[in-house]
2 protein chains.
Amino acid sequence: MTKAPVASAMPSDAAPAFRETLPAKDVGGAFENMPCDLCASFQPENGEDRRDAGRRYAVRRGQAIGDIAATDSWCASLATGVLRIDASQGAAPRTVGLIFPGQIVAHPFDADPCGTAVVAVTRSNICLHARGDLQHVTEHYPSIRRLLLRSAFQTLAETRRWMLVISRPRARERVAAFLVSVAGRFPTSGHDTFDLVLSRGRIGELLGLSLETVSRQIHALAKAGLIALPRRRHVRLLNRSGLEAVAGITFRHPSGAAA
Amino acid sequence: MTKAPVASAMPSDAAPAFRETLPAKDVGGAFENMPCDLCASFQPENGEDRRDAGRRYAVRRGQAIGDIAATDSWCASLATGVLRIDASQGAAPRTVGLIFPGQIVAHPFDADPCGTAVVAVTRSNICLHARGDLQHVTEHYPSIRRLLLRSAFQTLAETRRWMLVISRPRARERVAAFLVSVAGRFPTSGHDTFDLVLSRGRIGELLGLSLETVSRQIHALAKAGLIALPRRRHVRLLNRSGLEAVAGITFRHPSGAAA
DNA sequence: CGGTACATTGACTGTCATCAAGCTACGTGG
DNA sequence: CCACGTAGCTTGATGACAGTCAATGTACCG
């Protein structure tokens with residue numbers, strides 16, 4: 001959690017457009033004014049000032065949210081893109097979770113137990129509340145506070161569900177569970193083809209497998225006719241229920257396409 | 001999360017003594033009036049009514065907190081004893097986490113994603129906030145609210161740390177990490193001997209190992225001179241730093257003995 | 001056009017799950 | 001108090017599976 005390379009663009013006003021940490025040309029205007037879950041819950045009729053809403057940023061692939069926030073305490077709502085959570089337990093950082101659009105990711109308020117960093121896996125648009133801002137908002141805005149608390153417990157429950165996946169003895173089941181989980185996350189995946197987002201190595205980290213095993217299992221699932229592999233990082237579901245049967249779990253996400 | 005066998009003793013007043021779900025003779029008076037973390041944070045000087053504090057219960061071994069609360073939404077602070085969190089992802093319930101004294105355990109506010117139950121591993125004393133109570137308290141008591149939010153993120157961080165442990169390829173490391181973790185939890189363990197709390201089988205669930213492997217690894221650690229096994233479920237640390245080295249992690253818990 | 005990061009494939013070894021049998025501790029009831 | 005039953009634990013043998021090492025292959029980047 002270094003705070004060294006501060007994002008190039010610093011927030012200056014509260015207009016609801018994504019701030020840039022990218023060259024301006026890379027920014028699609030599509031997400032400007034798009035309300036994030038946190039901001040959408042502001043209730044002006046209750047005297048809540050919309051200008052206290054978080055500041056929006058476009059985040060580069062590989063960029064850490066912590067660097068943008070430039071404080072040790074922040075919270076963000078993900079509008080588009082995918083983030084990953086890396087935990088560095090002393091040694092090499094390992095990916096321990098993913099954040100998909102609609103989810104809220106909060107960085108521990110006081111102490112960071114093991115050094116976790118939140119990094120953009122793809123180009124992402126976030127709505128960020130930095131330290132002072134966040135404190136002020138959670139004190140005075142019950143709706144935000146509720147949402148944050150609820151999100152925390154939801155994330156906790158999901159993490160526990162992942163523990164069940166990871167503790168499976170067979171690699172096949174874990175990989176299948178990962179695929180089902182990611183597939184269920186993409187609202188855009190009407191046509192059953194989706195981006196795997198992570199490299200084989202990072203999938204391995206997440207599942208507690210070696211990258212070779214991940215590769216082999218993905219291809220084994222393809223040979224079994226459950227999925228197709230149009231590109232290296234893309235998967236098409238040929239038999240979703242079959243895949244869920246292998247995974248032993250049906251992931252159902254509140255937001256996004258039904259699993 | 002069945003709500004069938006409601007605890008025998010129902011809360012009736014707000015006196016700060018542990019309510020009984022046990023025959024009265026089994027109740028030590030030692031914990032009466034002992035403040036739980038949640039209640040201790042009440043600030044009467046700010047107009048917070050201490051009578052809104054949670055109700056206290058002594059919980060039998062094997063009893064589910066959900067049965068006592070008799071609602072689908074509650075939160076409890078553990079004074080003494082150990083609780084376990086069981087997640088039943090469709091099939092057989094598996095233990096996915098432990099709760100030690102000083103920790104707060106909250107049951108999801110609205111939806112329970114995978115059916116998790118919180119069960120007493122040993123005889124425990126808890127301070128329980130049930131549904132309506134909880135909502136009222138979190139609305140009107142900033143200190144409680146803060147504590148709850150903080151606790152949620154802390155638990156999340158710990159759960160993520162467990163993911164790192166579980167995803168280790170070697171069984172030896174996982175078992176060692178479990179021992180180090182439990183050892184660090186007991187404030188009473190000044191003499192380095194502690195109760196393992198869980199059966200081999202449940203440890204296996206938690207670590208994603210078979211019970212036979214757990215047994216073998218524990219004995220292997222004993223043969224290596226890192227621990228001694230005075231009784232089946234008791235462990236004495238002979239070489240804590242050596243054990244931590246095998247585990248690859250030093251667990252440090254905010255409350256309880258230093259790791 | 002070369003470089004780099006990622007992915008695949010193969011061979012081999014170590015570890016762990018599984019099956020199976022016996023053992024210990026503990027509680028219950030005769 | 002002892003006999004017995006059960007649940008949990010230990011120990012062994014075996015085979016499948018996943019990690020490791022290594023080499024090759026492929027896409028994407030400048």
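What you are looking at is a predicted structure, and each value in this text was computed from that prediction instead of being measured. Naming convention: chains lettered A, B, ... in sequence-line order (proteins, then strands); numbering from 1 in each chain.
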When you measure from the side chain of A/Ser210, which nucleotide among D/dG19, D/dT11, C/dA7 comes out closest? D/dG19
Atom pair distance, as rounded to whole Å: CG in A/Leu198 and P in C/dC6: 12 Å
Just compare C/dC16, C/dC6, D/dC9 and give me whichever is closest to any side-chain atom of B/Ser199. D/dC9
Taking it one step at a time, do A/Glu158 and B/Arg160 satisfy salt bridge (charged side-chain N to carboxylate O under 4.0 Å, His left out)? CA-CA 11 Å; A/Glu158 268 163 36; B/Arg160 291 228 169 93; over 6 Å; no
Encode nucleotides 25-30 of chain D as B, S and - characters from 5' to 3', where the letter depends on protein heavy atoms closer than 4.0 Å: B to the base, S only to sugar-phosphate, - to neither. BB----
Return whichever of B/Leu211 or A/Val214 has its heavy-atom-nearest nucleotide of DNA chain D closer to the 5' end. B/Leu211
Measure CG/B/Leu229 against P/D/dT10 and give the value in whole Å, please. 8 Å
Looking at D/dT20, does its base get a donor-acceptor pair with the side chain of A/Arg216 below 3.5 Å? yes
Let me know the distance between CZ of B/Arg61 and P of D/dA7, rounded to the nearest Å. 13 Å
Going by atom types only, do A/Arg94 and B/Ser167 share a side-chain donor-acceptor pair under 3.5 Å? yes
Given C/dC16, D/dG8, D/dG19, the nucleotide with the shortest approach to the side chain of B/Pro169: D/dG19
Roughly how many Å is it from CZ in B/Arg170 to P in C/dG14, rounded to a whole number? 10 Å
5'-most by nearest nucleotide on DNA chain D - A/Gln217 or B/Ile218: B/Ile218
Selected nucleotide, minimal atom distance to B/Glu212 side chain, candidates C/dC19, C/dA17, C/dC16: C/dC19
What is the distance, rounded to the nearest whole Å, between atom CG of B/Leu196 and atom P of D/dG8? 14 Å
